[in-house]
Amino acid sequence: MAFSNTFTTLPGSASSNREDLTDILSVLAPEETPVLSGGSRKKASNVLFEWTLDKLDDPAAAGVVEGADVATFTDAFAARERTSNYVQKFRRDYRVSDLQEATDSVGPAKLAEAEAKSIRELKRDMELALCGTQDKQVGSGANPYLTAGLGAFIDDTPAAGLVPAGFETPASSINSAIGFNEATFNDLISSIYRQTGNVDSLTLIADTGLRRVISDFARVGGLLSDSVRSVNYDGGSSTIKLSVELYQSDHGIVSIINGNPACMPASTGTTTTATGYLVNPEYYGIHELIPMGSTRLPNQGGGERGFVDCVLGLGVYHPQAHGKITQID
């Protein structure tokens, strides 16, 4: 015997059922941009922007003979080198039809919301480029300008023409081998200190896998293979905190922050989310040629439309002041 039900093919009893659509819209995507937000802002005036690198001569302990006059002179600026990067143009377009603009919807889904969402997506595009390992690229008729990413500058064997000889990141400031532990982490910090001589506050922008390993430095022995964890617990508290946000070493304090997992480059080894940049915010910046803005285009009858864009590039003012982690296991 036939009966009324909610899955009857229309027409039928289901044709009179009311729609229940909650006025909630969820966007599930990581939006943080720590590299873009953490760098100092500078104004670029050309598609190619440059800066100068310099370093001190090695210390000398030979001494000077009594009564000896100065017979030879040294060029104090002989070690100076110039390096550069290109800006990159980022753009996201948006369009909403005239009918959609007039329709009520969850969200809502109108021109202002489309513009705001495009801005959020544009910031992630910029973060992806800044965190990347790509080399700089000059624009041509068929190719866009590309800005070199952090991974290209922080390298002991950078691409030709990117970092002058003698200013490359030391291999001791890069971990690309298995067995990453607390001692290895301290070695990286010490290596950076040996280059700068300053106990500056560093920032580790870490992908999810690396962040968890650093939070597990409370393990006995500090090795990934250790299975016993030692935790100091306050009996008056109901919370056990295993997260590490500040790491104080012999050669500086490191702030640990989460990198955007959608923008961090893939690492090698079993854990593909193990990339991290150990940066000194004083020695990198964002050079803007065209600040972020929104442009509305003429409505040709189908609805309002426009785009958001920005032109910027990454400046790494001294590659030896930074480090990176590309593998932990």
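Predicted model, so just to flag it, every value in this text is computed and none were measured.
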task: Is it possible for you to say whether Tyr284 and Leu278 belong to one hydrophobic cluster, with membership spreading through side-chain heavy-atom contacts below 4.5 Å?
output: no
- prompt: Got a sec, which residues hit ring-ring contact (aromatic ring centres under 6.0 Å, His included) with Tyr247, two or more places apart in sequence or on another chain?
  reply: Phe185
message: Would you say Asn258 and Arg211 are linked by a side-chain donor-acceptor pair, where the criterion is simply a distance under 3.5 Å?
response: yes
- prompt: In Å and rounded to the nearest 0.5 Å, what is the CG to CG distance from Leu297 to Asp93?
  reply: 9.0 Å
- prompt: Below 4.5 Å, heavy atoms only, C-beta onward: do Lys324 and Asp155 meet side chain to side chain?
  reply: yes
- line: OG1 (Thr83) and CG (Leu162) are apart, to the nearest 0.5 Å, by 5.5 Å
query: Residues in side-chain contact (heavy atoms from CB on, under 4.5 Å) with Thr203, at least two apart?
result: Ile205, Ser255, Ile257, Val279, Pro281
task: Would you mind reporting whether Leu48 and Tyr86 have side-chain heavy atoms less than 4.5 Å apart?
output: yes
Pairing residues for Asn175 by the side-chain contact (heavy atoms from CB on, under 4.5 Å) criterion, not counting sequence neighbours: Phe180, Thr184, Leu188, Ile325
Spacing of Arg194 atom CZ and Asp187 atom CG [to the nearest 0.5 Å]: 11.5 Å
query: Can Tyr277 and His322 be said to form a side-chain contact (heavy atoms from CB on, under 4.5 Å), step by step?
result: CA-CA 8 Å; Tyr277 292 118; His322 313 287; over 6 Å; no
- prompt: What pairs with Leu146 under side-chain contact (heavy atoms from CB on, under 4.5 Å), at least two apart in sequence or on another chain?
  reply: Gln88, Gln137, Pro144
Distance-only check: which donor-acceptor pairs under 3.5 Å involve side-chain atoms of residues 300-319, not counting sequence neighbours?
| residue | atom | partner | partner atom | Å |
| --- | --- | --- | --- | --- |
| Gln300 | OE1 | Arg305 | NH2 | 3.4 |
| Glu304 | OE2 | Asn299 | ND2 | 3.4 |
| Arg305 | NE | Pro298 | O | 3.0 |
| Arg305 | NH2 | Pro298 | O | 3.4 |
| Tyr317 | OH | His287 | NE2 | 2.9 |
| His318 | ND1 | Gln320 | N | 3.4 |

query: Would you say Tyr145 and Ile290 are hydrophobically clustered, going by side-chain heavy atoms of ILVMFWY under 4.5 Å?
result: yes
message: Let me confirm one number: the CG-OG distance from Leu210 to Ser215, rounded to the nearest 0.5 Å.
response: 9.5 Å
- request: Spell out, yes or no, whether Ile328 and Ile174 are grouped together once hydrophobic residues are joined by side-chain heavy atoms under 4.5 Å, including indirect joins.
  value: no
task: Find the distance between CG (Asp329) and OG (Ser267) and round it off to the nearest 0.5 Å.
output: 8.0 Å
field: Test item: Arg296 and Leu111 side chains (from C-beta on) under 4.5 Å apart, heavy atoms
entry: yes
field: Beyond-backbone contact of Thr169 with Phe153, side-chain heavy atoms, under 4.5 angstrom
entry: no
task: Report yes or no: do Leu150 and Phe167 belong to one cluster of Ile/Leu/Val/Met/Phe/Trp/Tyr joined by side chain heavy-atom distances under 4.5 Å?
output: yes
- request: Flag this pair as yes if the NZ/CZ of Lys117 is under 6.0 angstrom from the six-membered ring centre of Tyr94 and inside a 45 degree cone about the axis; otherwise no.
  value: no
field: Listed partners of Arg82 passing side-chain contact (heavy atoms from CB on, under 4.5 Å), at least two apart
entry: Glu50
- prompt: Taking atom types as modelled and ignoring hydrogens, do the side chains of Thr275 and Asp207 form a donor-acceptor contact shorter than 3.5 angstrom?
  reply: no
message: Looking only at the side chains, is there a donor atom on one of Lys136 and Ser84 sitting less than 3.5 Å from an acceptor on the other?
response: yes
field: Side-chain heavy-atom pair Ile192, Leu202 within 4.5 angstrom cut-off
entry: yes
- prompt: Can you list the steps and then say if Asp125 with Arg92 is a side-chain contact (heavy atoms from CB on, under 4.5 Å)?
  reply: CA-CA 9 Å; Asp125 294 342; Arg92 286 276 180 166; 2.8 Å; yes
task: State the SG-CZ distance between Cys131 and Arg124, to the nearest 0.5 angstrom.
output: 12.0 Å
query: Does some side-chain heavy atom of Thr74 sit less than 4.5 Å from a side-chain heavy atom of Asp57?
result: no
